[in-house]
Chemist: 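Here's a structure for you.
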Number of protein chains: 2
Amino acid sequence: MTPPTEQTGENSAVPPPVRRRPGGRTSRTRAQVLDALRAELGERGYDELTLDAVAARAGVHRATVYRRWRDVGGLLADLFEATRDDDWQPQDTGSLQGDLAALNHENQAALTAQPSIAAALVAASFRSEEAARGVRRLWEDRYARCEVIVSRAVLRGELPPHTDARQLLVAATAPLYHHLILLRTPPDPGLPDRAARTAVLAAAAGAFATPPPTGGAPA
Amino acid sequence: MTPPTEQTGENSAVPPPVRRRPGGRTSRTRAQVLDALRAELGERGYDELTLDAVAARAGVHRATVYRRWRDVGGLLADLFEATRDDDWQPQDTGSLQGDLAALNHENQAALTAQPSIAAALVAASFRSEEAARGVRRLWEDRYARCEVIVSRAVLRGELPPHTDARQLLVAATAPLYHHLILLRTPPDPGLPDRAARTAVLAAAAGAFATPPPTGGAPA
DNA sequence: CCACTAACGCGACAAGTTTTACATTAAGAT
DNA sequence: ATCTTAATGTAAAACTTGTCGCGTTAGTGG
């Protein structure tokens with residue numbers, strides 16, 4: 001991701017041996033390249049992605065891309081990084097099942113859009129360890145933002161106070177990803193709602209209850 | 001997938017029979033190459049997979065591999081084919097939750113084995129349309145074999161007669177795949193059992209009931 | 001055992017991808 | 001405005017990937 005700043009040594013003698021230049025041209029190049037990457041991912045798909053095409057589309061020389069991102073994995077990792085800082089947040093529909101269903105509908109739309117950047121990103125995450133780390137952090141960020149869905153439901157009295165938010169969210173969303181990404185079955189318009197309903201039923205049956213915070217135990 | 005029969009030679013009117021030779025060397029070569037492919041997938045991982053390395057490991061010339069399988073996608077598709085015809089079947093533990101948990105434990109073991117062929121196969125399915133078709137058929141086959149878990153549970157009286165087997169199986173197994181393959185979180189020893197339990201609770205709450213065969217009076 | 005030829009090995013090569021060395025441009029500080 | 005040098009551009013070399021023609025090996029049927 002961005003320039004590998006390995007310089008951060010712990011020694012006290014040499015503070016910053018290399019003065020970076022994050023301004024003007026550098027950031028402009030990054031923006032151009034990431035835009036070109038998104039466009040290529042969408043149009044040509046992941047497996048036909050070449051660094052060369054990205055560089056050409058960005059109006060930048062190939063060597064520049066190779067130098068700064070090294071390979072496709074590095075490029076994608078940086079894209080994850082850039083994707084991560086937006087202001088997305090889950091809708092508030094007024095009910096747990098509605099919130100989860102809305103989330104699923106949004107995901108289904110993103111994953112089945114004809115040139116799907118989301119699907120390309122998932123495919124890409126298998127490319128390199130670097131990209132895998134990037135996608136892991138992206139998922140973590142998104143699930144963290146979704147936890148508010150659960151806390152809202154608790155406040156409304158729809159769920160018991162000690163509910164494992166992550167487990168509930170995963171139960172509600174995993175079937176969708178499973179079908180669209182792993183099984184590769186054609187999109188089922190009813191699936192988002194069914195999966196949400198199933199998770200809510202399981203939650204009502206106490207499937208995601210965490211052990212009550214009984215007084216401080218040892219250790 | 002086996003040998004691509006493009007060998008139409010010239011033209012004439014009658015397609016020459018082209019006598020194949022499935023015996024001896026041909027099948028031996030296929031076995032060597034697929035073994036080498038499995039080994040490479042496990043050791044080097046999917047993204048570092050090269051036809052060249054597979055051929056070298058199989059003790060076969062590159063041109064042979066290119067001729068018979070054309071590219072990585074064809075190679076992987078053939079591997080799916082070979083993987084599909086084994087005699088695997090789900091364990092019978094005597095209870096629905098036990099069966100589902102056993103299935104999850106087995107999958108978790110397969111997906112976290114250090115060189116995980118299973119994980120590599122999933123990654124590989126993104127490579128080409130051909131490989132994607134192969135993996136889709138593999139999943140279809142495995143889920144079909146698992147349906148017996150549900151019918152056994154129905155016979156035992158653990159489930160109502162009209163239960164959607166696929167939905168139940170997906171609900172029980174999807175969270176595992178979601179964590180291990182998409183989220184890339186480290187394996188959680190408790191997850192297989194929890195996911196199985198959640199699915200059983202949802203089933204008990206009627207989450208997977210299919211409309212009764214008789215025309216019930218609509219609301 | 002023999003003839004036929006599918007399937008393989010070999011090496012050369014075209015196309016594509018990544019690295020490297022050097023020249024040029026422009027960010028950032030004085 | 002001027003200087004320093006990080007970041008790019010440029011071009012050619014080094015390496016990778018996939019294809020092709022041709023000679024050799026070994027199934028298969030007689």
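These numbers come from the heavy atoms of this one structure, side chains and all, not from hydrogens, waters or symmetry mates. Every chain is numbered from 1, with letters handed out A, B, ... down the list of sequences.
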Chemist: CZ of B:R68 versus P of D:dT19: gap in Å, rounded?
Modeler: 17 Å
Chemist: Can you list every salt bridge (Lys or Arg N to Asp or Glu O under 4.0 Å) pair that touches residues 167-193 of chain B, not counting sequence neighbours?
Modeler: B:D188-B:R194
Chemist: Taking B:D78 first and then B:R70, would you say they form a salt bridge - that is, a charged N and a carboxylate O separated by under 4.0 Å?
Modeler: no
Chemist: Check whether any side-chain nitrogen or oxygen of A:T26 sits under 4.0 Å from OP1 or OP2 of C:dA27, and answer yes or no.
Modeler: no
Chemist: Kindly point out which of C:dC8, D:dT8, D:dT10 is positioned nearest to the side chain of A:H61?
Modeler: D:dT10
Chemist: Can you find a donor-acceptor pair, distance only, under 3.5 Å between B:R25 side chain and C:dA7 base?
Modeler: yes
Chemist: Check the distance between D:dG27's C1' and B:R30's CZ and give it to me in whole angstrom.
Modeler: 18 Å
Chemist: Going by salt bridge (charged side-chain N to carboxylate O under 4.0 Å, His left out), name the residues that satisfy it together with A:D35, two or more places apart in sequence or in a different chain.
Modeler: A:R38
Chemist: Across nucleotides 17-23 of chain C, 5' to 3', mark each nucleotide with B, S or - according to how protein heavy atoms within less than 4.0 Å reach it.
Modeler: SBB-B--
Chemist: Scan for salt bridge (Lys or Arg N to Asp or Glu O under 4.0 Å) pairs involving residues 89-101 of chain B, sequence neighbours excluded, and state none if there are none.
Modeler: B:D92-B:R152, B:D92-B:R156, B:D99-B:R152, B:D99-B:R156
Chemist: Does a side-chain N-to-carboxylate-O contact under 4.0 Å join A:R137 and A:D141?
Modeler: no
Chemist: Just how large is the angle between the end axes of the helix from C:dC1-D:dG30 to C:dT30-D:dA1, five pairs per end, to 10 degrees?
Modeler: 50°
Chemist: When you measure from the side-chain N and O atoms of B:T64 to the phosphate of C:dA7, is any distance below 4.0 Å, counting only OP1 and OP2?
Modeler: no
Chemist: Report the distance from atom CD of B:Q32 to atom P of C:dG9, rounded to the nearest whole Å.
Modeler: 9 Å
Chemist: Who are the ring pair (Phe, Tyr, Trp, His ring centres under 6.0 Å) partners of B:Y177, not counting sequence neighbours?
Modeler: A:H178, B:W139
Chemist: Could you go through the side chain to side chain contact (heavy atoms under 4.5 Å, CB included) check for B:E130 and B:W69 one step at a time?
Modeler: CA-CA 11 Å; B:E130 200 178 5; B:W69 289 277; over 6 Å; no
Chemist: Between A:D86 and A:R142, does any NZ, NE, NH1 or NH2 come within less than 4.0 Å of an OD or OE carboxylate oxygen?
Modeler: yes
